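Since the structure comes first, as structure tokens, the remarks are kept for the end.
By convention here, the first residue in the shown sequence is residue 1. We count ligands from 1, going down the list as the structure has it; atoms in each ligand are counted the same way. Note that this is a predicted model, so its numbers are computed, not measured.
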Amino acid sequence: MPLVNSKEMFKKAYDGGYAIGAFNVNNMEIIQGIVEAGTDLKAPLILQVSKGARNYANPVYLKKLVEAALEVSGLPIVLHLDHGDSFDTCVSCIESGFTSVMIDGSHLSFEENIALTKKVVDYAHPRGVTVEGELGRLAGVEDDIKVSAEDSSYTQPEEVEEFVSKTGVDSLAIAIGTSHGAFKFKDEPKLRFDILDEVSKKLPGFPIVLHGASSVVPEFVEMINKYGGDMPGAQGVPEDMLRQAARSAVCKINIDSDLRLAMTATIRKHFAEHPADFDPRQYLAPARQAIKEMVAHKITKVLGCDGKA
Ligand code: G3H
Ligand code: 13P
Ligand code: ZN
């Protein structure tokens, strides 16, 4: 099966009351761990590549690794640009075979965001590529940009219909209190489900995307802290909230930090227990296995997309 765009995947997810996991990929072991879990559980997958991942791994390598995953798994897989920062980046990804792109104009004015997003849609749609836009601004760190809590802003439901109709986007990322990274809440976690409800009412049948949706799995944070790390106060989105979102209009749930934590915690533990090891396969194999198990847990217990491939 070739790479697919997100159209059918989101329609089925919306109608079926589940969500697709959109996992950030940076190297072979991460891709393998995610895809092995997806294969075992017959789950559709979105593999997403950020600007940082493109710079780190080289887009050609990532594209070829995803092609290998496709060949080995036979799963429906979307190759998606995460947080596209310009029209040119989106064009470059579309030209190299991505089937979905995000254009993130959330830092622009409403009018500028519409104009940029529409420009990308007009280029992408004739080429069979789906487009994700964003309204509202998440706090946290993504690539080199750090958005402080004060500069973040919730999505305004009264803007969404105009944004979607004027741009023609296929899905919309909204800000309801999630944030990027491993430190999402200072106190009790709270999400604005009232905003999600209002947005869904204004856009019936339309797929919503949740960024910054890692749970920051406590088991991995504890392991990192136990083996020489220092992450006091790390906290993610509780799984019951993510399950609630997955049952609603949210069709895509973005997960990166949980992959990083699983990999890093496992490698730290490995070196604490085997300080003399220097063969990368010895520590990357358990890290890949930890990613596989964590993704399997997300698919079955959070997203509900097992058996939907
Ligand atoms: O939303 C951002 C993702 O976590 C990607 O992070 O830009 O450091 O690859 P990155
Ligand atoms: P997390 O940092 O919560 O994993 O979010 C990732 C994300 O939104 C990627 O776009
Ligand atoms: Zn994001």
Is it the side chain, the backbone, both or neither of [X] that has a heavy atom closer than 4.0 Å to ligand 2?
{"X": "Ala22", "answer": "neither"}
{"X": "Ile255", "answer": "backbone"}
{"X": "Asn24", "answer": "side chain"}

Element-labelled atoms of ligand 2 that are located less than 4.0 Å from some non-hydrogen atom of [X]:
{"X": "Lys184", "answer": "1 (P), 2 (O), 3 (O)"}
{"X": "His83", "answer": "10 (O)"}
{"X": "His180", "answer": "2 (O), 5 (O), 6 (C), 7 (C), 8 (O), 10 (O)"}
{"X": "His211", "answer": "8 (O), 10 (O)"}

Ligand 2 to Gly181 polar contact by distance, N or O atoms, under 3.5 Å:
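Yes, since at least one N or O of Gly181 sits under 3.5 Å from an N or O of ligand 2.
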
For the 3.5 Å polar cut-off, considering only N or O atoms, please tell me whether Asp258 and ligand 2 meet it.
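In fact, backbone or side chain, Asp258 has no N or O that close.
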
Walk me through whether Lys11 and Asp15 qualify under salt bridge (charged side-chain N to carboxylate O under 4.0 Å, His left out).
CA-CA 6 Å; Lys11 188 179 173 347; Asp15 294 344; 2.7 Å; yes

Mind jotting down which residue pairs meet the ring pair (Phe, Tyr, Trp, His ring centres under 6.0 Å) criterion with at least one end in residues 283-309? Sequence neighbours excluded, please.
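Checked against ring pair (Phe, Tyr, Trp, His ring centres under 6.0 Å) - neighbours excluded - the pairs reaching residues 283-309 are Phe271-Tyr283.
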
Decide whether Glu132 and His83 meet the rule of one side-chain donor and one side-chain acceptor closer than 3.5 Å.
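No, because no side-chain N or O of Glu132 sits under 3.5 Å from a partner of the opposite role on His83.
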
Under 3.5 Å, is there a donor-acceptor pair linking the side chains of Ser106 and Asp104?
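Judged by distance alone, the side chains do pair up.
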
State, to the nearest 10 degrees, the angle whose vertex is the Zn ion (ligand 3) and whose arms point to ND1 of His211 and NE2 of His83.
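The ND1/NE2 angle about the Zn ion (ligand 3) sits at 90°.
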
Tell me whether Met102 reaches ligand 1 (any heavy atom closer than 4.0 angstrom to a ligand atom).
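False for this residue.
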
Within the structure, is a non-hydrogen atom of Met102 found at a distance of less than 4.0 Å from ligand 2?
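No heavy atom of Met102 comes that close to ligand 2.
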
Side chains of [X] and [Y]: does their closest heavy-atom pair fall under 4.5 Å?
{"X": "Val209", "Y": "Ile174", "value": "no"}
{"X": "Ser215", "Y": "Asp258", "value": "yes"}
{"X": "Tyr123", "Y": "Val129", "value": "no"}
{"X": "Val25", "Y": "Ile34", "value": "yes"}

Of all the atoms in ligand 1, which lie at a distance below 4.0 Å from a heavy atom belonging to Asp256?
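Taking each heavy atom of Asp256 in turn, ligand 1 has 3 (C), 4 (O), 5 (C), 6 (O) under 4.0 Å.
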
Are any of the N/O atoms on His83, whether in the backbone or the side chain, positioned under 3.5 angstrom from an N/O atom of ligand 1?
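Between His83 and ligand 1, an N or O pair is found under 3.5 Å apart.
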
Within-cut-off N or O pair, Asn24 and ligand 1, under 3.5 Å:
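Not met; the criterion fails.
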
Please state which option from Ser50, Gly212, Ser214 has its nearest heavy atom closest to atom 9 (O) of ligand 1.
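The nearest heavy atom belongs to Ser50.
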
Report the member of His180, Arg260, His211 with the shortest heavy-atom distance to atom 6 (O) of ligand 1.
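When every heavy atom of His180, Arg260, His211 is considered, Arg260 comes closest to atom 6 (O) of ligand 1.
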
Once the angle between the rings of Phe110 and Phe163 is folded into 0 to 90°, is it parallel (under 30°), tilted (30 to 60°) or perpendicular (over 60°)?
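Ring orientation of Phe110 relative to Phe163: tilted.
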
Step-by-step salt bridge (charged side-chain N to carboxylate O under 4.0 Å, His left out) determination, Lys202 to Glu198:
CA-CA 6 Å; Lys202 289 186 185 293; Glu198 263 192 78; 5.2 Å; no

Indicate every side-chain donor-acceptor pair of residues 2-10 with a distance under 3.5 Å to a residue at least two apart or in another chain.
{"residue": "Asn5", "atom": "OD1", "partner": "Lys7", "partner atom": "N", "Å": "3.0"}
{"residue": "Asn5", "atom": "ND2", "partner": "Gly128", "partner atom": "O", "Å": "2.9"}
{"residue": "Ser6", "atom": "OG", "partner": "Thr130", "partner atom": "OG1", "Å": "3.0"}
{"residue": "Lys7", "atom": "NZ", "partner": "Asp170", "partner atom": "OD1", "Å": "3.3"}

